[in-house]
J.: 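Just passing along the structure, written as structure tokens.
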Amino acid sequence: MQQTYSQVQRDLLEANQLSPELLAKSLSLIGAHHVDYADIYCQRTAYESWHLEEGMVKSGSFQIDQGVGVRAVSGDKTAFAYADSLNIDSINRSAQAVRVIGAAGREQSIKVPSAVYGKPVHAVIDPIASLDSAAKVALLNKVEALAKAADPRIVQVMAGLTCEHDMIYLARLDGKHAADIRPMVRLNVSVIAKQGDRREQGSAGGGGRYD
């Protein structure tokens with residue numbers, strides 16, 4: 001998990017002019033009030049999709065979303081704030097917003113961030129980058145060919161491929177910081193079969209956290 005932590009710190013935090021130390025300072029703004037717990041959750045998600053029908057790419061998309069969520073807990077009260085932009089100003093504004101649930105006047109020192117490494121659940125990979133565009137289209141064409149070869153009554157095939165790459169960084173008020181990378185790939189196929197005047201449709205799909 002140390003590799004995961006280092007990669008997320010570089011590609012998520014440093015890419016947005018952030019650091020564990022800056023997040024710790026933002027948390028100290030919340031800790032200046034009487035709160036029991038607080039954390040900052042940073043996330044970046046890249047998403048890509050390809051859809052093929054009858055040998056032609058009908059649609060494709062690529063987008064990147066990122067943002068931050070801030071939470072503070074005081075007794076049985078919980079306050080949340082979030083922003084679609086990932087920068088220190090939006091984080092500090094969110095921290096100022098959630099700390100109002102706790103009474104002011106508490107002295108809070110900045111705790112030195114310490115990384116927490118867990119057991120790896122999946123590989124540190126980016127499925128979007130694991131194949132180029134031509135190879136992804138070729139994969140969908142292969143799916144179409146296999147589907148049509150399964151039964152001569154199949155008259156139409158629609159295939160889709162989606163890939164996601166999530167990077168997450170969590171900073172806690174107690175100084176513990178953690179990171180995760182979550183890949184996701186899904187392949188779907190739908191077919192239409194015809195026999196005489198009768199038409200039937202079937203679909204299947206699957207995927208997992210790999211390239």
Side-chain angles (χ1 to χ4, degrees), residues 1-32 37-50 60-72 79-99 108-136 161-186 207-211:
M1 285 294 284
Q2 186 170 359
Q3 179 187 355
T4 299
Y5 184 89
S6 299
Q7 184 172 333
V8 173
Q9 183 175 338
R10 181 187 70 242
D11 296 341
L12 180 62
L13 296 189
E14 294 176 7
N16 289 281
Q17 290 76 54
L18 296 172
S19 68
E21 292 73 23
L22 282 175
L23 295 181
K25 289 181 179 179
S26 298
L27 285 165
S28 71
L29 296 175
I30 306 173
Y37 176 83
D39 58 27
I40 296 174
Y41 182 92
C42 304
Q43 182 172 1
R44 176 189 183 273
T45 300
Y47 174 86
E48 182 185 68
S49 67
W50 296 85
S61 65
F62 177 82
Q63 65 185 54
I64 295 177
D65 295 320
Q66 62 182 21
V68 62
V70 181
R71 174 176 58 170
F80 298 96
Y82 68 92
D84 293 331
S85 55
L86 190 54
N87 55 63
I88 193 60
D89 290 336
S90 61
I91 292 173
N92 285 339
R93 287 195 300 269
S94 298
Q96 296 278 3
V98 301
R99 73 175 188 168
Q108 175 68 24
S109 58
I110 299 175
K111 295 186 178 180
V112 177
S114 61
V116 178
Y117 305 126
K119 181 180 179 180
V121 178
H122 35 253
V124 181
I125 51 177
D126 180 358
I128 296 175
S130 63
L131 287 179
D132 60 24
S133 298
K136 291 169 185 171
L161 176 67
T162 58
C163 308
E164 284 190 17
H165 184 236
D166 285 339
M167 288 190 295
I168 297 165
Y169 191 93
L170 179 68
R172 302 191 340 184
L173 184 61
D174 60 7
K176 294 181 179 179
H177 290 208
D180 195 17
I181 293 177
R182 302 187 301 195
M184 175 63 78
V185 174
R186 182 168 179 85
R209 297 196 179 279
Y210 33 73
D211 61 7

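Start at 1 with the first residue, then count along the sequence.
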J.: Any idea which heavy atoms bring R172 and Y37 closest together, and the distance?
T.: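 That closest heavy-atom pairing would be CD-OH, 3.4 Å.
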
J.: Do you know which two heavy atoms are closest between A46 and I64, and how far apart they sit?
T.: CB-CG1, 4.1 Å

J.: Report the relative orientation of the aromatic rings in Y5 and Y169; use parallel for angles under 30°, tilted for 30 to 60°, perpendicular for over 60°.
T.: tilted

J.: Can you tell me how far the CD1 atom of I30 sits from the CD atom of Q96, to the nearest 0.5 Å?
T.: 9.0 Å

J.: How long is the gap from CZ on R186 to CG on L161, to the nearest 0.5 Å?
T.: 11.0 Å

J.: Show the numbers, then the answer: is there a side-chain contact (heavy atoms from CB on, under 4.5 Å) between I168 and V8?
T.: CA-CA 7 Å; I168 297 165; V8 173; over 6 Å; no

J.: Please name all residues satisfying side-chain hydrogen bond (donor to acceptor under 3.5 Å, both in side chains) with S26, sequence neighbours left out, ordered by chain then number.
T.: N92

J.: Run the side-chain contact (heavy atoms from CB on, under 4.5 Å) check on S133 and W50 step by step: do they pass?
T.: CA-CA 9 Å; S133 298; W50 296 85; 3.6 Å; yes

J.: Not counting sequence neighbours, list each pair that qualifies as a salt bridge (Lys or Arg N to Asp or Glu O under 4.0 Å) and has a residue in residues 80-92.
T.: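 Listed by first then second residue: nothing to list.
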
J.: Okay, side chain of H122, backbone of I181: is any donor-acceptor separation there less than 3.5 Å?
T.: yes

J.: I need the D211 CG to I125 CD1 distance, nearest 0.5 Å.
T.: 4.5 Å

J.: Minimum heavy-atom separation for Y47 and I128, please, with both atom names.
T.: N-CD1, 4.1 Å

J.: Could you measure the distance from the CG atom of D11 to the CZ atom of R44? Nearest 0.5 Å is fine.
T.: 7.5 Å

J.: Quick one about Q63 and S61 (side-chain donor to acceptor, distance below 3.5 Å, no hydrogens or angles considered), yes or no?
T.: no

J.: With sequence neighbours left out, write down each residue that passes salt bridge (charged side-chain N to carboxylate O under 4.0 Å, His left out) with E164, or none if nothing qualifies.
T.: none

J.: Could you work out, with side-chain hydrogen bond (donor to acceptor under 3.5 Å, both in side chains) as the rule, every residue matching Q7, not counting sequence neighbours?
T.: none

J.: So how far is it from C163 SG to L131 CG, rounded to the nearest 0.5 Å?
T.: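 Interatomic distance, C163 SG to L131 CG, rounded to 0.5 Å: 8.0 Å.
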
J.: side-chain contact (heavy atoms from CB on, under 4.5 Å) for V116 and L170? Distances and angles first, verdict last.
T.: CA-CA 10 Å; V116 178; L170 179 68; over 6 Å; no

J.: Under the side-chain hydrogen bond (donor to acceptor under 3.5 Å, both in side chains) rule, collect the residues that match up with R71, sequence neighbours excluded.
T.: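 Result, side-chain hydrogen bond (donor to acceptor under 3.5 Å, both in side chains) vs R71: D39.
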
J.: Would you say S19 and E14 make side-chain contact, with heavy atoms under 4.5 Å?
T.: no

J.: Quick check: closest heavy atoms across H177 and P20, and the distance to 0.1 Å?
T.: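 That closest heavy-atom pairing would be CE1-O, 3.5 Å.
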
J.: Check M167 against L12 and note the closest heavy-atom contact, atom names and distance.
T.: O-CD2, 3.8 Å

J.: Check whether R99 reaches the backbone of L29 with its side chain - one donor and one acceptor, N or O, closer than 3.5 Å.
T.: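 Looks like yes, one N/O pair under 3.5 Å.
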
J.: Residues two or more places apart in sequence or in another chain: which of them pass salt bridge (charged side-chain N to carboxylate O under 4.0 Å, His left out) with R182?
T.: D166

J.: Going through the checks in order, is the side-chain contact (heavy atoms from CB on, under 4.5 Å) test met by V68 and L86?
T.: CA-CA 6 Å; V68 62; L86 190 54; 3.8 Å; yes

J.: Hey, does the side chain of D174 reach the backbone of K176 with a donor-acceptor pair shorter than 3.5 angstrom?
T.: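 Flag set: sc D174 to bb K176 pair under 3.5 Å.
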
J.: Do you know the tightest heavy-atom contact between I88 and L18?
T.: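 For I88 versus L18, the nearest heavy atoms are N-CD2, 3.7 Å.
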
J.: Just by modelled atom types, is the S85 backbone N or O under 3.5 Å from a matching donor or acceptor in the S90 side chain?
T.: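 Here the side-chain-to-backbone pair exists.
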
